Each structure stands twice: as structure tokens, then as C-alpha cells.
Asker: 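Structure incoming, see below.
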Amino acid sequence: MPASVVAAAGRLRQAIGRSSSWRGPIPRRFSSEPCPAQAAAVRDAFLSFFRDRHHHRLVPSASVRPRGDPTLLFVNAGMNQFKPIFLGTVDPRSEMAGFRRVANSQKCVRAGGRHNDLEDVGRDLSHHTFFEMLGNWAFGGEYFKEEACSMAWELLTQVYGIPKDKLWISYFGGDPNMKLNPDLESRDIWLSLGVPASHVLSFGPQENFWEMGDTGPCGPCTEIHYDLADGVGTPQLVELWNLVFMQYNREADGSLQPLPQRHVDTGMGLERLVAVLQGRHSTYDTDLFSPLLNAIQQGCGAPPYLGRVGAADEGRTDMAYRVVADHIRTLSVCIADGVSPGMSGAPLVLRRILRRAVRFSTEVLRAPLGFLGSLVPVVVEILGDTYPELQKNSAQIANLVSEDEAAFLASLQRGRRIIDRTLRRLGPSDLFPAEVAWSLSMSGDLGLPLDLIELMLEEKGVRLDSAGLARLAQEEAQHRAQQAEPVQEQGLQLSIHTLGELQHRGVPPTDDSPKYNYHLLPSGGYEFGACEAQVLQLYTEDGTAVASVGEGQRCGLLLDKTNFYAEQGGQASDRGYLVRVGQQDVLFPVARAQVCGGFILHEMVAPDCLKVGDRVQLHVDKAWRLGCMEKHTATHLLNWALRQALGPGTEQRGSHLNPERLRFDVATQAPLTPEQLRAVENTVQKAVGQDEAVYMEEVALAHTAHVPGLRSLDEVYPDPVRVVSVGVPVAHALDPASQAALHTSVELCCGTHLLHTGSIGDLVIIGERQLTKGTTRLLAITGEQAQQAREVGESLAQEVEAAAERLSRGSRDVVEAQRLSKDVGQLTDAVDTAVMPQWQRQELQATLKVLQRRANTAIRKLEMRQAAQKTQELLQRHSAGPLIVDTVSTESLSSATPAFTAEAWALAVCSHMGGKAWGSRMVAQGTGSTADVEAALSTARAYALNQL
């Protein structure tokens, strides 16, 4: 390679495999054959090329919600859906098991987790949170390097007409640390295709060795790069296509072993390819984005988009264009695939994306209310033909985005006022109080991301009390842990004297009927009404009644009415916040509500002064409340399903629920079998799938007596009592002649519930154990968590099946048998601890128990055979004498019956050599130093003879 090229290679390392800055328009020097000008045509040309010319099967894009892979928040590469093939865990009965050569365009999201481009989006001209990955795959050695490289070169140069002299190649140059030689095979293939040697460069493992993770399939990769420069100066390379040749497996010990089957995994970003083919300044200048950028300008009246970055982008206008255009694509695709903005995991990341888009659109572009939702049809127009789920869910996506946008704008405005008010009270060097920042973030309706709060403070030149924030975060984590597994914790309580005083004063019990004031929106979401109330009494931590409380004081608040659900009936308390009427910029976060003798006490730490007689407005944490509603309605369906599976005499023994999971105790004669657990889940799923209406009505307690099938607990119910009926109006359900309560869930319940069962999404029982004899405790999850649990279960089932197949093939020696036994043990641990369907866990545990027994039997047989061989060798070597002293491998030693311990024997010998020894009765080892090995052996013989 010429010296000039070698020198250039060093400068190219920063460009290889990374996004270019796209400094200027790309010169169009393509062949005379017309290339596809539109992005849709570019995508179609890719798929048609592999289908028609090279007989690939086209498979649809997987959902951006990972399937059975808890390590990912979102699908972030085309290969994600094929991981079972790469890992060898694919179900042999599945359609995927028959895949040999396939191609597709995969929806990908890189935000949160290991691959996170969120904060970079908008700052340059190339980063995106959502992108499309064009890819082709060959499984099981269907084809390998030569065919993959040839196809890629043919597509780029002949179909797309990219000039050959604009393309550069990188390949794996080897790594002495991994004991891997350079991938000269790939290099020679490119040279044979006519690529000049000066355009074929080698790089190390960081650039050209791809790994799935810390362990698993991996291999060298070769990348095709496009030169953005016009043949002047150092090439400006941007990666177009990555061709990965999976031929190794990274073992747990870090070593590399050849894969039983080799695979090809390639990926090429559609957005970048289209930019190259359209000769555009950046990916944002292509027809994948230009309709969105035009719609943004029309909707906001902002200055035209000019593609500026950094200091040249005055007012960050162009950055805002890019943020909004990128984020609305991500939101539309994710919501269409069932991932909605939420409070944890991927939904939390999506919530951050939406709120980042709202902030840039309103604060920088001055967009009107409802603007983001208006962009959804533009996204559907661009991508809907390729991904029809966008067309199907267009209205729902727009409504959801608009609702969250409106809620966040209100929260943002209130949050800004709170920050400004707080700053006026601070000194020049004071830190912003952590308690105020935390109240902005934890209050349900505000829900401002902490990083957004920090950014808002940074813009004002103020630092946040990070240490205090960390302390509050730790306290919140502890609170969540307590909610996940409820414990009896002592909160603020009203003493018997306090209650008597309230009654003596004629104070009526708290009116909590507003807790049922909610309704469904057209989008399927819920609207929870606020509640205005008067402060009747304030209490200090020790229960003392006071007329007022000050800043930072933990207290209990008694109101004349509330929309907060106080913990009772197994449902966790609501949380949220309240504000003084007429002073909306001071939030009083309410941690929980407790009922004491009919009075509901709201617990909080006051951020400001509050007095008896103040008028306040209460807001529940919507996400928290909705999670409780989902779990409570699911609990009713679970109760009914258990009666269907176990018999009408089955009785509930207790329950508890919060937004994370539900716990249900039931009287049983014996532990539930896998078949019973599965039947229960199927019954609940059927009710959920039918999206039955949930009817709630208060009736006289007497009217509920003697209704066949009506569920109630052994507790005191109010009169009138609230009846919750699924699928049947309450009046009809309570008609004894209808027998309706025998065929659906009808219960006495004062909790808050969904209005339709479909919002539950799914229910999975993930745990089952015996509390006491005759009482079984079930743990269950719903919605997205439940779907993920099912996918995890299916993934583990495939791994168990693969282990069974390995065991059936047999082992060649003890080492291989032990490795298999260890793998079965690790798989058993995974099944024991995974969040998965309990019925499936029990089935897999039974299978693994048999497999482990078979594996251990195989080891013992091999050991006996090995021991017999070793015995013969020892007898032949030591034909005389009362005992044998020799070396024996300790790789496998299952049983022995010594007359003395191995540790004592080793200690006697090593002490003679001035050393030490350690071990057990069976096996010991030690160290020492001697020039006379025979003397050491004589010591060993003498000790043994004395002990025998």
C-alpha cells in the first residue's frame, strides 16, 4: 500500500464506522443508469434485488418492542429478531427455523440503554432515534463472505449506480490479543471485485469485529464507506453498509470458539443511503424528512429550515426542526407498535422523547397547542405504505400525542413558574433545593424529567442540589421496593382521642366519592377530574392538631372531600399533589392517603405554609392510579377465573395490588398444577380480549344478599355498597333469576376500576407459593410486563429444548458431560428466577430436573469407566505393597470412603516440606519445597500406613 494511503488511513480512523458531519452537498457523479430518486424506491430496490436476483425471503419488520429480550428497551438493529437463530435457541417447529436467506427493512430505535442517540439528535445532521435498517441474512452457512460481498457490490454499483471510485472498504486486520489473524479472505474478495488496493484498509477489533454482547456469536466485519469529498484532500468517509460474518462465539471466560454454523448479518441505514443517492446535504434533507420539515414550518410559521449546526444555528431553530422531525417519527412508530409513553422502561424513554419534542416545538419554534399531533398524518404518509400499522393506528397515535402534549405544556408552564418563584428566594450562590426539583418530577401531572429540570436551571446559571436529589431518589427507590412487596409500615395515625374530638365537633367523615370521577377519552386514555376541597385540620408527625404547618414540615392533612383513594381493600393508596386555590405555582406533594375511622389523612412534607381553612385543589398521579385500576380489575377477573378452574367453592383469602403487580391469596386443597394455572390465564385473556364493559353501581347492601355467584370477602361492607360487574349491568347481575353472576365476575368492591377490560392488555401469573397449608399466594402482572414475561418464557423453553437435544446426542468424555451438566444447572437457575408464566416455569423445572438427573448419570457412568481405566493403570504400575501412593486427576471425584481425611494427609506431607495444606475430607492440596521428592513420598506412605 502506498505510503500516502497508509498515512491517510490513520486520519480516516475517526471517520470509519461513525457518522460524518455531512459538511456539504454530495456531488452527483453516478452512472448514466437512473437511480431511484425517492426513498420508497430505494427501499423497494433493495428488497427486490435480494428477492428477485438472489432468492431471499422477504420478512416483515419486527415490532420495535423487543420480543423476549429483557436486555433491550427497543429493537435497535435488524438482527434482533433473528437472535434465536444466532443463539441456537430457535424453536425447530417455528417458521423461523426454516429461514436460510432473508432480507427486510427493520424499524429500529436507539434511545436509552446501551445504544442511545437521544441527546445527540438535533445537534448534528445525521443522528436519529428512529431509523430503518436494510439488511440481508444467510443462516447456517447458506452463503458466506464471497457471496455477501459480491451482492453488496452489485447492488451499490449496478443497481444504485454509485461510482466505484467513491466507495472504500475496511476489513478486520486481526488482533494478537484475541489470537485472530487478519481477514485476508475478505480483503482478497474485494480486490477480486475490482476495488483498488488503495481503497481497501484494515482496522482493529474496535472498528471491524462485531459482537452481540459480552458473550455470544461474533465475528469479523467488513464495511463499505462512501467518500463525501469531491476527490480533493483527505477522503471524508461515512459508513454505508456493515457486513458481519458470524463465525465465532464469545465464551463466558472471554475465549473465542468457532460456531457450529456460520451466519451472515448485514445492515445498511436507509436514511444515510438515501442521502447519498439523492446527493443531499444530510439525512434531514431527503424526502424521508423534507415533508415533515415543510409541515413544521407551515404549522409554526418559523423561519425556513437551513440545515445549520452549532454556533451558526442562531436560536437553535434548525436544531429544533431536526428534534421535532426525528422525535415525531419515533413516537408514531413506537405507539403504533404498542409502546406508549409511561413511567418506566421503554415507555419512560418514549415519554422523555415526547416531552423533548414538545419543549423544542413550543419554546423554539413557537408551535401552537396540538401541533405535534398534527404531524402524525405526515409520518403516516411517508412510512405508512411500508409499515401499515401506522395507517391502522393513525388516529390513536395523534390523539395520544396531543393529549400528552397538552398535559406536558401545562406542567411545563407551572414548573417554570415554580422555578422562577424559587429562584427569587435564593441567594446568588445558593443551590436549587432538591425538594422543589423532586416535587416537580414526582408529581403525576407535572412529571418533568429531572434532566430537563437541570437543563432549565443550567440555562439560568443555577446549580441543583445533586446530593439532596440523590438522597430523595434513594428514598423513592426504597418506597417503591416497599410497594412492590408491601410491609406493615407505621405512617401518620389519628389517635382514638383525635377521632373522638372530630366526632364531638360534628366533623363529618371525608367525602371521597370524587375518587370515582374519571372517564374514558376518545383515544382510549383516561381523564381524572381534579377535586377542590377545604383544609379542616392539620396534624404534626406525632398526631398533634395544629392550625398551620410551615415549609419542610411533615404533616397530615384532613380535608372535607378528596379524590385520593386511601389504601384499603388491598389497593395501594393514591399519590399526587395539591395546590392552593389561586396559587397554582406551589405544589404540595402527597405521598399517600390513609383512612382512619372514616377520615382520610393525606401525608405530605409541606413546601410552604398551609393553614386550616385554606381552599386547595387535588390532583392524583394519573399513571399510578391507572396502574392500580388495571391491576384491580385484573384481580377480579383472576378471582373469577380461579373459580372457573378450581370450582365454585374456591375462596379468596386476601389480595394486594399496586401499579407494578398484584398479589392474590386463595384457598386451595393443593398447589395449582401447570394446567390449572394456564387455564386461569386463558380465562382472563378471553375476558380481556372481548374488551367487556365494567359496570359499577352503589346498591343497598340487602340487595346483594343471596345472589348466586356474587363474590365478597369476610369483611364489613358499607351500606350502600359498590358492586363491580364485568360485562353485565349491575341490576341484571343482581337479579337472582338471571344467574349472571355465575358466568362472569361480580363482586362487592369499593376500589377504582377500569371501564373496559381491554385496557388490561394481558395477565400472567409469575409466581405461586404456599403461604400455609391450604392457602396459595399468586403473583401476577399485566399489560406490557405480561407480554414480555410470555416472550421470556418462550425464549427459555427453546433453550431447554436445545439442552435436551444436546443430552440426547451424548457426550464424548467427562469434561463435555460436565459442561452440559453445568449448562443445565445455569439454565435451571435462569428458569427459577425469570419473570415468566408460572405454569411454564413449572413445566420447564420438571423437564430440567429430568435433564439434570440424566446429565449426572452420564457423568457417573463416564467417571466409572474412567476410574476403572485408571485403576488398571495404577495396579500395573504398583504391583506390590499394601497401598498405592500416586497422582490422580481431581477433575472429577464424586465419591470416596477414606479412613482418614485428605486434608490431614496433605498437611502431614506439606508440613514435612515446610509448607501448608488445605482442603476437605475428600480433596486437598498444598504447597511446600523440597529437593528430595522420594522423601516426601515416603512421608506420605508412612502417614497412610499409620492411619490404615
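For clarity, every value in this text was computed on a predicted model and none was experimentally measured.
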Asker: Quick one: does R322's side chain have a donor or acceptor within less than 3.5 Å of a partner on D124's backbone?
Answerer: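 Yes, because the side chain of R322 sits within donor-acceptor range (under 3.5 Å) of the backbone of D124.
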Asker: State, with a plain yes or no, whether a side-chain heavy atom of V244 is found less than 4.5 Å away from one of M79.
Answerer: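 Of all side-chain heavy-atom pairs linking M79 with V244, none is under 4.5 Å.
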Asker: Can you sort out the partners of E389 under side-chain contact (heavy atoms from CB on, under 4.5 Å), two or more places apart, ordered by chain and number?
Answerer: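 K107, A336, D337, Y387, N393.
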Asker: Is R187 atom CZ crowded by more than 12 heavy atoms from other residues, nucleotides or ligands, each under 6.0 Å away?
Answerer: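 Buried by this count: over 12 neighbours within 6.0 Å.
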Asker: Could you check whether the rings of W190 and W153 sit parallel, tilted or perpendicular, using 30° and 60° as the cut-offs?
Answerer: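 If you compare the ring of W190 with that of W153, the planes turn out perpendicular.
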Asker: Flag the pair F172 / P205 as yes when at least one side-chain heavy-atom distance between them is below 4.5 Å, and no otherwise.
Answerer: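 A side-chain contact exists here, since the closest heavy-atom pair is under 4.5 Å.
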Asker: Between M151 and Y143, is there a side-chain heavy-atom distance shorter than 4.5 Å?
Answerer: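 Yes, at least one pair of side-chain atoms sits under 4.5 Å.
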Asker: Does R262 make a cation-pi contact with F144 (under 6.0 Å, within 45 degrees of the axis)?
Answerer: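 Judged by the rule (NZ or CZ under 6.0 Å from the ring centre, within 45° of its axis), R262 counts as positioned above F144.
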Asker: Got a donor-acceptor contact below 3.5 angstrom from the D318 side chain to the G307 backbone?
Answerer: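 Pair found, side chain donor or acceptor close to backbone of G307.
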Asker: Suppose we screen for side-chain contact (heavy atoms from CB on, under 4.5 Å). Which residues come up paired with S374, at least two apart in sequence or across chains?
Answerer: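 In terms of side-chain contact (heavy atoms from CB on, under 4.5 Å), with neighbours along the sequence ignored, S374 is linked to F371.
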Asker: Looking only at atom types and distance, does a side-chain atom of N104 sit under 3.5 Å from a main-chain N or O of L58, one as donor and one as acceptor?
Answerer: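 Side chain of N104 to backbone of L58, a donor-acceptor pair under 3.5 Å: no, none is there.
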Asker: In chain order, what residues pass the salt bridge (charged side-chain N to carboxylate O under 4.0 Å, His left out) check against R101, with sequence neighbours excluded?
Answerer: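 In terms of salt bridge (charged side-chain N to carboxylate O under 4.0 Å, His left out), with neighbours along the sequence ignored, R101 is linked to E142.
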Asker: Quick check: does any side chain N or O of T222 sit under 3.5 Å from a backbone N or O of S170, one acting as donor and the other as acceptor?
Answerer: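 It does hold such a pair.
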Asker: Decide if the gap between the ring center of F139 and the ring center of F86 is smaller than 6.0 angstrom.
Answerer: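 Ring-ring flag for F139/F86: true, centres closer than 6.0 Å.
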Asker: With a 3.5 Å distance limit and no angle check, can you tell me whether H225 reaches the backbone of I169 through a side-chain donor-acceptor pair?
Answerer: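 Answer holds: no.
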Asker: Determine the minimum heavy-atom distance between P291 and D287, stating which atoms define it.
Answerer: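 Closest pair (atom of P291, atom of D287, distance): CD-O, 3.3 Å.
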Asker: In Å and rounded to the nearest 0.5 Å, what is the CE to CZ distance from M178 to F209?
Answerer: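 So the gap between those two atoms works out to 4.5 Å.
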Asker: Quick one: pull up CD1 in I189 and CD in E185 and give me the separation to the nearest 0.5 Å.
Answerer: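 So the gap between those two atoms works out to 4.5 Å.
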Asker: May I ask you to check whether H54 and E147 show a side-chain donor-acceptor distance below 3.5 Å?
Answerer: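 No, because no side-chain N or O of H54 sits under 3.5 Å from a partner of the opposite role on E147.
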Asker: Test side chain to side chain contact (heavy atoms under 4.5 Å, CB included) on V324 and L293 and set out the steps.
Answerer: CA-CA 9 Å; V324 173; L293 299 176; over 6 Å; no
Asker: Ignoring hydrogens and angles, tell me if any N or O in the side chain of D313 forms a donor-acceptor pair with the backbone of M319 under 3.5 Å.
Answerer: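 Yes, because the side chain of D313 sits within donor-acceptor range (under 3.5 Å) of the backbone of M319.
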Asker: Please confirm whether the backbone N or O of A103 pairs with a side-chain atom of N136, one donor and one acceptor, at under 3.5 Å?
Answerer: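 No.
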Asker: In Å, rounded to the nearest 0.5 Å, how long is the span from NE2 of H56 to CZ of F46?
Answerer: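 If I round to the nearest 0.5 Å, the distance is 8.0 Å.
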Asker: Answer yes or no: is there a donor N or O on one side and an acceptor on the other, between the side chain of D175 and the main chain of L180, under 3.5 Å?
Answerer: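 It does not hold such a pair.
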Asker: Measure from the side-chain N and O atoms of Y160 to the backbone N and O of V42, and report whether any donor-acceptor pair falls under 3.5 Å.
Answerer: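 Answer holds: yes.
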Asker: Could you pull out the closest heavy-atom pair between M133 and G269, with the gap in Å?
Answerer: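 M133 and G269 have their closest heavy atoms at SD-N, 4.2 Å.
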Asker: Can you check whether V376 reaches I328 side chain to side chain, under 4.5 Å on heavy atoms?
Answerer: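 They are in side-chain contact.
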Asker: Do the non-hydrogen side-chain atoms of I335 and L350 ever get within less than 4.5 Å of each other?
Answerer: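 Counting from C-beta outward, I335 and L350 do come under 4.5 Å.
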Asker: Less than 4.5 Å apart, any side-chain heavy atom of F82 and any of D265?
Answerer: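 No, every pair of side-chain atoms sits at 4.5 Å or beyond.
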Asker: Fit a plane to each ring of H128 and Y284, take the angle between them on a 0 to 90° scale, and name the class: parallel (under 30°), tilted (30 to 60°) or perpendicular (over 60°).
Answerer: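 H128 and Y284: tilted rings.
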Asker: Give a yes or no on whether a salt bridge exists between R352 and E119, defined as a side-chain N under 4.0 angstrom from a carboxylate O.
Answerer: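 Yes, charged N to carboxylate O under 4.0 Å.
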Asker: Would a 4.5 Å heavy-atom cut-off, applied to side chains only, mark I353 and L331 as touching?
Answerer: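 Yes. Closest side-chain heavy atoms under 4.5 Å.
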Asker: So, for L256 and C218, which heavy atoms are closest and what is the spacing to 0.1 Å?
Answerer: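 Taking L256 first and C218 second, the nearest heavy atoms are CD2-SG, 3.6 Å.
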Asker: Checking R57 side chain against F99 main chain: does a donor-acceptor pair fall under 3.5 Å?
Answerer: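 Checked: no pair found.
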Asker: What distance separates N242 CG from E223 CD, expressed to the nearest 0.5 Å?
Answerer: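 So the gap between those two atoms works out to 4.5 Å.
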